[in-house]
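Comments concern the structure below.
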Amino acid sequence: KNALYGTSIAHIPIEHDWKVSYKRLEFSELLGEGAFGQVYKASLKPKKKTSKVNSRFVAVKQLKDGASDEEVIELVKEIETMKSLGHHKNVLSFIGQVTDGGKLLMVMEYAPYGNLQEFMRNRRPHLTTEQPVEHFPYLCYRDLVTFARDIACAMTYLESVACLHRDLAARNVLVSDKMVLKIADFGMSRRLNEEDTELKNYYRVHPGGRVPVRWMPPEVLTEGRFTFKADVWSYGVVLWEIGTLGGNPFSDVEPSQLAHELLRGRTLTASPYVAPYLCQTMSNLLSDCLNIDEKMRPCFRELLHKTDYLLESLN
Ligand code: ADE
């Protein structure tokens, strides 16, 4: 079996011109709320009333009222990035944009199980006698390794198309049917052009923007220097989130102190939810990704091969 299964350069756009008419959307509940935008669930009706195609659920991102020009530009950039990415089974698909009536909405694939962080938290074994409000089946080790593999697969693809994600975290990964993961939230991502890729492979963080400090490696925190190896560090933090079923990384460290602490050797260690026989492999991967020296961190292709191998060994 090819570990890169699902990677496809051939890209068939769902809407050729990416334009979606506002009238085709029927909004329902709020799925998520960020600093400047909201994501709603909606039903997208077919283009023609006579169509035999059914309505489908979509997720629609819109800016809050009174959004600034910068925020509009950020959303436009996110839309452009998503449009430019080809199709991959572990990357959330872009469906189109609404531009009617001076509003800009981003229409994307709907992931029925929401974000990975909450998904895992809801499935923690409850260690108290209190019954949970709603009962979800627990996750098994195989599920956790599959999560690690799916994310590595998406990131290998993003690197192959020169897309830095820059905000990889369990809250930005969505869970779709059959627990297939989809990387989402390209609000901070950047496509590197060929020149950048060949030249130095890095991108500087804009000062003043929101920053996911606890997912960032020391070279980003101290120099704002971003390479794919920074995404690899974030991937390591996500492995820890998976191992703790949605824990808060470095929760006892002040954001302003994090770089200092990391350089003093502070790290994340394996977690109570992972079985001992998996623990060693997972925690080795974790510490490989959280290497202070970015050159020593593995690349996503290696991480994909290792997680895929680990998964195969569980069969
Ligand atoms: N929350 C944010 N984006 C979402 C999406 N595309 N599907 C489901 N929940 C979401």
Side-chain angles (χ1 to χ4, degrees), residues 6 11 13-15 18-20 22 24-45 54-65 67 71-72 74-98 103-123 134 136 139 143 146-147 150-151 153-155 157-158 163 165-189 210 212 215 234 238 241-242 245-246:
H11 172 228
I14 298 163
E15 307 271 333
W18 302 111
K19 270 199 186 131
V20 173
Y22 188 80
R24 289 175 59 203
L25 291 168
E26 202 168 282
F27 287 88
S28 47
E29 76 257 31
L30 182 68
L31 294 171
E33 193 151 22
F36 62 88
Q38 291 144 331
V39 179
Y40 284 92
K41 182 178 177 179
S43 167
L44 178 66
K45 285 174 272 187
N54 291 330
S55 290
R56 58 187 288 207
F57 287 124
V58 293
V60 183
K61 186 170 186 170
Q62 62 179 62
L63 295 170
K64 289 180 176 168
D65 287 336
E71 287 161 351
V72 176
E74 284 302 307
L75 183 59
V76 171
K77 277 192 196 156
E78 184 174 1
I79 289 173
E80 291 308 316
T81 304
M82 286 198 82
K83 263 186 211 173
S84 73
L85 294 174
H87 179 77
H88 187 276
K89 70 180 193 324
N90 301 117
V91 176
L92 194 77
S93 298
F94 177 76
I95 292 173
Q97 70 207 10
V98 175
K103 268 219 163 206
L104 178 63
L105 309 180
M106 178 168 100
V107 185
M108 59 199 150
E109 177 183 0
Y110 169 68
Y113 296 104
N115 81 64
L116 180 62
Q117 186 192 53
E118 279 178 40
F119 183 83
M120 293 189 297
R121 285 182 181 179
N122 286 335
R123 285 160 182 77
E134 211 175 327
F136 294 109
L139 297 166
D143 297 330
T146 308
F147 293 163
D150 276 8
I151 300 170
C153 195
M155 296 309 293
Y157 175 71
L158 291 182
C163 178
H165 189 284
R166 306 202 309 156
D167 197 6
L168 180 59
R171 63 180 174 277
N172 292 333
V173 175
L174 297 170
V175 187
S176 194
D177 291 316
K178 297 188 181 147
M179 275 203 280
V180 171
L181 300 189
K182 309 269 177 177
I183 304 270
D185 221 311
F186 290 85
M188 304 214 354
S189 70
R210 88 194 148 104
W215 281 258
S234 308
V238 172
E241 294 185 273
I242 292 172
L245 299 179

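We use all heavy atoms of the structure for the numbers below, so side chains are in, but hydrogens, waters and symmetry mates are not. Ligands are counted one by one from 1 in listed order, and the atoms in each one are counted from 1 as well.
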### Task
For a side chain to side chain contact (heavy atoms under 4.5 Å, CB included) with M106, tell me which candidate from L63, V58, V20, I79 qualifies.
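That would be I79.
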### Message
I need the contact type for K41 against ligand 1. Using non-hydrogen atoms and a strict under-4.0 Å cut-off, is it side chain, backbone, both or neither?
### Response
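No part of K41 is near ligand 1 at this cut-off.
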### Message
Taking 4.0 Å as the limit for heavy-atom contacts, which would you say applies to A111 with ligand 1: side chain only, backbone only, both, or neither?
### Response
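A111 to ligand 1: contacts from backbone and side chain alike.
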### Message
Whether the side chain of N122 engages the backbone of E118 through a donor-acceptor N/O pair (distance < 3.5 Å, no angle test) should be reported.
### Response
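Yes, N122 side chain to E118 backbone: donor-acceptor pair under 3.5 Å.
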Identify the protein heavy atom lying closest to [atom], giving its residue, its atom name and the separation to 0.1 Å.
| atom | answer |
| --- | --- |
| atom 2 (C) of ligand 1 | V39 CG1, 3.7 Å |
| atom 6 (N) of ligand 1 | E109 O, 2.9 Å |
| atom 4 (C) of ligand 1 | L174 CD1, 3.5 Å |
| atom 9 (N) of ligand 1 | L31 CD1, 3.6 Å |

### Query
Rounded to the nearest 0.5 Å, how far does OG of S55 lie from CD of E26?
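Reported to 0.5 Å precision, the distance equals 7.5 Å.
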Establish, yes or no, whether the cationic atom of [X] lies under 6.0 Å from the six-membered ring centre of [Y] and within 45° of the ring axis.
| X | Y | result |
| --- | --- | --- |
| R171 | W215 | yes |
| K41 | F57 | yes |
| R123 | F119 | yes |

### Query
Can you list the ligand 1 atoms lying under 4.0 Å from a non-hydrogen atom of Y110?
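What qualifies from ligand 1 is 7 (N), 8 (C).
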### Task
With heavy atoms of L92 as the reference, note each atom of ligand 1 found under 4.0 Å away.
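Listed by number with element, the hits are 6 (N).
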